[in-house]
Amino acid sequence: MTERLAVRADLFDFPEDPGWQVEAPAAVRYLPDHWLLVEDGRIAGTRPGTEAPGPGWRCIDHRGRLLLPGFIDTHVHAPQLDVIASYGTELLEWLNTYTFPAECKYADPAEAERGSALFLDALLASGTTAAAVFPTVHKVSAEALFAAAAQRHMRVLAGKVLMDRHAPDGLRDDVAQAERDCVDLIERWHGRGRVAYAVTPRFAATSTREQLAMAGRLCAAYPDVYMQTHVAENRSEVRWMAELFPEARSHLDIYVRHGLMTPRSLFAHGIWLDDTDRAVLREAGASIAFCPSSNMFIGSGLFDWGRTEGQGVAVHLASDVGGGTSLSMLRTIADGYKVLALQGQKLTAWKALYTATHGAARHLRLSHEIGHLSPGTLADFVVWDWAQGPVARRRIEVARDLHERVFAWMTLGDERNVVSTWVAGQERYRRPE
């Protein structure tokens with residue numbers, strides 16, 4: 001039998017890129033008090049709230065609430081919930097003091113299974129339905145993450161992390177075994193359900209030239225897999241890369257030299273790139289994951305979104321937990337606004353929400369599946385309260401127009417505003433009463 005679901009709410013998505021202006025009516029699709037119609041896990045259409053779907057439909061009434069496509073987090077670390085909100089260090093010290101000890105635990109299959117389930121459920125509770133994720137160097141951590149994602153039918157991009165140097169015992173692999181592990185994981189998991197493989201060198205410092213070259217060979221042998229890594233996050237890191245790879249023009253150039261620059265390459269941070277680097281990214285069709293919360297918390301620097309996009313490079317948004325301080329993409333966006341404001345740029349609600357939904361889906365070549373509420377896409381969506389608490393309720397109440405109202409929701413909201421999260425037409429999270 002066909003499963004039919006109808007959810008009544010204020011529907012909101014972005015069929016096109018709204019650009020940086022508040023006045024972008026063609027790119028903003030807002031349907032107050034409408035039914036979202038879902039058949040067999042896919043969006044079938046919409047209709048006004050006054051037109052009941054009729055018999056055979058399971059109807060859920062969320063009138064007065066907001067319904068958006070699920071957020072897409074394009075850079076986040078599954079095992080780092082244990083180190084979120086850790087005090088007092090910059091990137092390299094933070095890795096050694098907090099991150100690496102936490103990741104060592106994931107050699108234990110039971111810990112990897114427990115941690116993966118907790119992580120994905122926390123994403124769903126935050127309004128995120130798809131993500132590009134770093135597990136750990138351990139093959140079992142990738143397997144546990146893939147299995148947990150498949151169980152929830154979530155769109156997850158991930159791969160075993162590659163690190164064969166400058167990491168503690170228990171967090172290093174070797175080139176030959178890492179290649180065997182990656183090939184096995186790709187063959188068994190890539191394209192299975194909604195799981196996709198991403199070749200995942202942590203960053204250039206933790207892989208030898210031989211391992212980076214092996215990662216490049218994997219990208220060439222499997223051209224439909226993704227590649228994800230970190231680049232130019234921190235000034236000390238950039239100086240270290242220059243010492244380790246004196247032949248490379250820049251941190252980004254290290255990846256280019258080893259075959260890791262592809263149209264499916266996702267580079268986290270990119271704060272300290274130059275115009276030449278951005279031209280390389282543009283020509284390759286690769287993209288940058290902007291991680292504002294993490295960049296401020298660890299003190300890495302201010303990412304110039306306007307300059308980067310102005311030079312033709314795609315940008316998406318990411319929480320980067322545990323360097324970031326919340327899995328909530330609303331909190332991430334609010335921090336992104338502040339980062340840009342410090343540079344004289346203004347991030348509109350339209351641009352921010354497009355980037356965290358349809359924009360990310362386009363950059364990941366997944367807009368046929370997720371990121372908007374068009375017929376035929378999978379029904380990954382989230383129902384939100386417009387406001388939580390007296391301050392937010394008053395601010396929403398006095399908003400003068402739609403952008404002001406949405407901007408206030410986006411800035412004052414967080415995971416507490418999430419009412420329910422749906423993945424492929426199935427409710428995967430419901431806020432406790």
Side-chain angles (χ1 to χ4, degrees), residues 75-83 86 89-113 115-116 119 132-146 158-186 189 197-219 225-231 233-234 236-246 248 251 254-255 257-260 267-269 320 322-323:
H75 179 71
V76 61
H77 296 260
Q80 290 188 22
L81 296 186
D82 288 359
V83 301
S86 293
T89 61
E90 288 192 3
L91 174 64
L92 300 179
E93 184 184 355
W94 183 82
L95 288 172
N96 289 309
T97 303
Y98 299 117
T99 303
F100 288 158
E103 292 189 0
C104 283
K105 301 175 186 176
Y106 277 64
D108 179 354
E111 182 66 19
E113 182 177 350
S116 296
F119 168 75
V133 185
F134 279 55
T136 70
V137 72
H138 312 102
K139 182 183 180 184
V140 68
S141 76
E143 291 180 313
L145 181 64
F146 288 147
K160 188 199 97 68
V161 175
L162 301 173
M163 295 198 296
D164 66 344
R165 65 170 176 171
H166 297 140
D169 292 344
L171 277 186
R172 293 189 305 274
D173 53 16
D174 64 71
V175 176
Q177 186 59 52
E179 184 171 17
R180 287 192 292 270
D181 289 346
C182 289
V183 168
D184 181 59
L185 289 166
I186 292 169
W189 285 102
Y197 199 83
V199 176
T200 307
R202 184 183 212 101
F203 67 144
T206 49
S207 289
T208 59
R209 290 169 176 79
E210 293 75 20
Q211 188 173 71
L212 291 173
M214 179 273 288
R217 290 196 302 272
L218 288 174
C219 291
V225 302
Y226 294 87
M227 196 291 299
Q228 59 177 352
T229 191
H230 301 79
V231 70
E233 177 179 358
N234 171 279
S236 298
E237 168 210 23
V238 171
R239 288 193 293 269
W240 190 26
M241 299 301 161
E243 295 170 3
L244 293 173
F245 297 90
H251 187 177
I254 299 167
Y255 301 121
R257 288 169 175 264
H258 292 92
L260 294 169
F267 293 95
H269 305 294
D320 192 27

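Numbers here are sequence positions counted from 1.
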Student: The test is side chain to side chain contact (heavy atoms under 4.5 Å, CB included); show your working for Glu237 and Leu95 and say whether it passes.
Tutor: CA-CA 12 Å; Glu237 168 210 23; Leu95 288 172; over 6 Å; no
Student: How long is the straight-line distance from OG1 of Thr206 back to CG of Leu171, given to the nearest 0.5 Å?
Tutor: 10.0 Å
Student: Would you check if Val137 and Arg202 make a side-chain contact, meaning some heavy-atom pair closer than 4.5 Å?
Tutor: no
Student: Do the non-hydrogen side-chain atoms of Thr229 and Leu260 ever get within less than 4.5 Å of each other?
Tutor: no
Student: Between Tyr106 and Val161, is there a side-chain heavy-atom distance shorter than 4.5 Å?
Tutor: no
Student: I need the minimum non-hydrogen distance between Glu143 and Trp189, along with the two atoms involved.
Tutor: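 Scanning both residues, the minimum pair turns out to be O-CZ2, 4.2 Å.
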Student: Any chance you could measure His77, atom NE2, to Thr136, atom OG1, to the nearest 0.5 Å?
Tutor: 12.0 Å
Student: Checking Tyr255 side chain against Leu212 main chain: does a donor-acceptor pair fall under 3.5 Å?
Tutor: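 Side chain of Tyr255 to backbone of Leu212, a donor-acceptor pair under 3.5 Å: no, none is there.
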Student: Parallel, tilted or perpendicular for Phe203 and Trp240, by the 30°/60° rule?
Tutor: perpendicular
Student: Distance from Thr208 atom OG1 to His166 atom NE2, nearest 0.5 Å?
Tutor: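 Interatomic distance, Thr208 OG1 to His166 NE2, rounded to 0.5 Å: 10.5 Å.
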Student: To the nearest 0.5 Å, how far apart are SG in Cys104 and CD in Glu111?
Tutor: 11.5 Å
Student: What is the minimum heavy-atom distance between Ser116 and Ser141, and which atoms define it?
Tutor: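 Residues Ser116 and Ser141, closest heavy atoms: OG-O, 4.2 Å.
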Student: Between NZ of Lys139 and CG of Leu185, what distance do you get to the nearest 0.5 Å?
Tutor: 5.5 Å
Student: For Glu179, I'd like to know if atom CD has over 12 heavy atoms of other residues, nucleotides or ligands within 6.0 Å.
Tutor: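 More than 12 within 6.0 Å, yes.
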Student: Of all residues at least two apart in sequence or in a different chain, which pass the side chain to side chain contact (heavy atoms under 4.5 Å, CB included) check with Thr97?
Tutor: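 Partners of Thr97 under the side chain to side chain contact (heavy atoms under 4.5 Å, CB included) test: Glu93.
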Student: Verify the ring-centre separation between His75 and Phe134: is it less than 6.0 angstrom?
Tutor: yes
Student: Has Gln228 got a side-chain atom pairing as donor or acceptor with Ala158's backbone, closer than 3.5 angstrom?
Tutor: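 No, Gln228 side chain to Ala158 backbone: no donor-acceptor pair under 3.5 Å.
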Student: What is the minimum heavy-atom distance between Ala198 and Thr200, and which atoms define it?
Tutor: O-OG1, 2.6 Å
Student: May I ask you to decide if Gly170's main-chain N or O and His138's side chain share a donor-acceptor pair within less than 3.5 Å?
Tutor: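 A pair under 3.5 Å: yes.
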Student: If we only count heavy atoms from C-beta on, is the Cys182 to Tyr197 side-chain gap below 4.5 Å?
Tutor: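 Yes, close enough: below the 4.5 Å cut-off.
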Student: Can you sort out the partners of Asp164 under salt bridge (Lys or Arg N to Asp or Glu O under 4.0 Å), two or more places apart, ordered by chain and number?
Tutor: none
Student: Contact between Phe100 and Met163 at the side-chain level, heavy atoms closer than 4.5 Å - yes or no?
Tutor: yes
Student: Where is the tightest heavy-atom contact between Arg165 and Ala205, given as atom of each residue plus distance?
Tutor: NE-O, 3.2 Å
Student: I need the Gln80 CD to Phe119 CZ distance, nearest 0.5 Å.
Tutor: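 The CD atom of Gln80 sits 9.5 Å away from the CZ atom of Phe119.
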Student: On a heavy-atom basis, which atom in Val140 and which in Ala107 lie closest, and how many Å separate them?
Tutor: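 Answer, listing the atom of Val140 first, then Ala107: CG1-O, 3.8 Å.
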Student: List in chain and number order the residues that pass side chain to side chain contact (heavy atoms under 4.5 Å, CB included) with Ala178, two or more places apart in sequence or in another chain; answer none if no residue qualifies.
Tutor: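 Ala178: side chain to side chain contact (heavy atoms under 4.5 Å, CB included) contacts with Lys160, Leu162, Asp173, Gln211, Met214.
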Student: Leu218 versus Val225: any side-chain heavy-atom pair under 4.5 Å?
Tutor: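 Leu218 vs Val225: side chains apart.
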Student: Could you check whether Asp108 pairs with Lys105 (Lys NZ or Arg NE/NH1/NH2 to Asp/Glu carboxylate O, under 4.0 Å)?
Tutor: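 No.
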